[in-house]
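This one's a predicted model, so the numbers in the text were calculated from it and none came from an experiment. Indexing begins at 1, ligand by ligand and atom by atom, following the structure's order. Values below: all heavy atoms of this structure, side chains included; hydrogens, waters and symmetry mates excluded.
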Amino acid sequence: MLNIAVLVSGGGTNLQALIDSERNGEIKNGKIVRVISSKADAYAIERAKKVGIPAVVVERKKYENSQQYDEAILSALEESKADLVVLAGFMSILGASVIRKYENKIINIHPALIPSFCGKGFYGLKVHEAALEKGVKVTGATVHFVNEIADDGAIILQECIKVNDDDTPQTLQRRVMENIEWKILPKAVSLFCEGKIEVVGSKTKIKE
Ligand code: GAR
C-alpha cells in the first residue's frame, strides 16, 4: 500500500474527490496519509480533518527564503513517509530539491489541455479566463508529473469538454472540475499506486 501526501491551498474539491474515491475503493493500493496546506485558512484542511487525515500547514511566508521553505516541505513529506505526492490545487512553487527527491513521484492537476494555458501565471480561474479570451471551442484538464519547469512534466491523463457560448470563467471552471478533474485525478493516482504508469522519456505509457 502506497502512502499518498496531498498538497493543497484552497477549497480542496480535488482533495475531496480523492478522499471519496479512496473510501469507495477506487484508489487501489494507495492511502492518503497526510494533507499539507500552503494556506492556514484553506477549507481543504477541514475536509481532511472531517475524515481524520492529519493536516499540517507549511506557509511560504513563515520562512526566510525558499530553501528553508523547501526543507520544511521535505521534512513534512518525509515524516508522512510519502511514496506519492499529489498537488491538488496547490498554488505554491516547489523548489528543485523537492522535485529531485521525488522525481516522477509528484503529480499535478492543471485545469486546461497542456500545453495550452499553462506555465507561470496560469492557475485557478485565470486559466479559464484565458481560454474564454482566446475563444477556444474545447478545453479540459491534465494530470501530469511535475518537473522543474511549470506544467511541463510528462502527461498522464487528459480529457476535454466543449466550451459554451455563454460560459463565464466560473461556469467553465465548475464544468471542468465536475466532468474531468474529479475523475481523472483519482484515476491517475490509482494508476500510479498500481504501478501502471511507465515514464518513457518525456512521455508516459499507461499499462491497462
Ligand atoms: C482546480 O481547478 C485545479 O485544477 C487548479 O486549481 C483548482 C483548485 O480547486 N489548479 C491549478 O490551477 C494549478 N496550476 P480545489 O482546491 O477545489 O481542488
Side-chain angles (χ1 to χ4, degrees), residues 4-23 27 32 34-51 53 55-60 73 84-95 98-99 106-134 136 138-161 163 167-189:
I4 305 165
V6 185
L7 273 56
V8 298
S9 301
T13 63
N14 278 290
L15 168 66
Q16 191 66 53
L18 290 168
I19 291 170
D20 294 344
S21 299
E22 187 192 318
R23 298 292 182 274
I27 294 183
I32 305 167
R34 178 77 53 104
V35 167
I36 300 171
S37 177
S38 68
K39 293 252 160 60
D41 60 353
Y43 185 66
I45 297 170
E46 303 307 315
R47 296 182 190 271
K49 283 186 180 160
K50 267 185 205 161
V51 292
I53 300 170
V56 292
V57 177
V58 184
E59 285 184 298
R60 173 65 184 86
I73 294 275
L84 168 66
V85 180
V86 180
L87 310 188
F90 184 66
M91 302 302 180
S92 190
I93 303 285
L94 287 179
V98 181
I99 294 169
I106 307 177
I107 68 176
N108 178 50
I109 177 95
H110 183 76
L113 294 169
I114 288 176
S116 288
F117 311 115
C118 64
K120 203 166 183 285
F122 286 100
Y123 58 88
L125 215 48
K126 286 178 192 289
V127 176
H128 304 288
E129 283 166 2
L132 288 177
E133 180 68 25
K134 180 63 192 166
V136 291
V138 293
T139 188
T142 305
V143 183
H144 63 95
F145 282 113
V146 171
N147 66 14
E148 288 175 40
I149 304 166
D151 299 325
D152 179 67
I155 291 168
I156 302 167
L157 294 175
Q158 241 178 352
E159 278 186 27
C160 65
I161 53 161
V163 176
D167 263 323
T168 64
Q170 288 78 6
T171 61
L172 193 55
Q173 179 183 52
R174 184 76 194 176
R175 285 216 321 290
V176 168
M177 281 177 154
E178 271 178 5
N179 292 288
I180 307 176
E181 294 188 39
W182 301 342
K183 290 178 192 151
I184 67 172
L185 184 59
K187 179 150 193 231
V189 166

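The nearest heavy-atom contact from the protein to atom 8 (C) of ligand 1 is Gly89 CA, 3.6 Å. Among protein heavy atoms, the minimum distance from atom 16 (O) of ligand 1 is reached at Gly12 N, 2.8 Å. Protein heavy atom closest to atom 13 (C) of ligand 1, with residue, atom name and distance, is Ile109 O, 4.0 Å. The closest protein non-hydrogen atom to atom 12 (O) of ligand 1 is Gly124 N, 2.8 Å. Nearest protein neighbour of atom 6 (O) of ligand 1, counting heavy atoms only, is Met91 CE, 3.2 Å. His110 ND1, 3.6 Å is the protein heavy atom nearest to atom 14 (N) of ligand 1.
You'll find the side chain of Glu22 stays beyond 4.5 Å of the side chain of Ile4, heavy atoms only. Side-chain contact between Lys50 and Ile19: absent, with no pair of heavy atoms (C-beta onward) separated by less than 4.5 Å. Between Asp20 and Trp182, every side-chain heavy-atom pair lies at or beyond the 4.5 Å cut-off. Between Phe90 and Val8 the shortest side-chain heavy-atom distance does not fall below 4.5 Å.
Within ligand 1, counting atoms from 1 as listed, the ones closer than 4.0 Å to a heavy atom of Tyr123 are 12 (O), 14 (N). Within the listing of ligand 1, atoms 2 (O), 4 (O), 5 (C), 10 (N), 11 (C), 12 (O) sit less than 4.0 angstrom from a heavy atom of Pro111. Counting the atoms of ligand 1 from 1 in the order shown, those under 4.0 Å from a heavy atom of Met177 are 1 (C), 2 (O), 7 (C), 9 (O), 17 (O).
Interatomic distance, Leu18 CG to Arg47 CZ, rounded to the nearest 0.5 Å: 11.5 Å. The structure places OG1 of Thr139 at 7.0 Å from CD1 of Ile161, a figure rounded to the nearest 0.5 Å. Atoms CZ and NZ, from Arg60 and Lys39 in turn, are 13.0 Å apart once rounded to the nearest 0.5 Å. Atom CG of residue Leu132 and atom NZ of residue Lys134 lie 13.0 Å apart, to the nearest 0.5 angstrom.
Closest to atom 2 (O) of ligand 1 by heavy atom, among His128, Glu181, Gln173, Lys126, is Glu181.
Considering backbone and side-chain atoms together, Asn14 places an N or O closer than 3.5 Å to an N or O of ligand 1.
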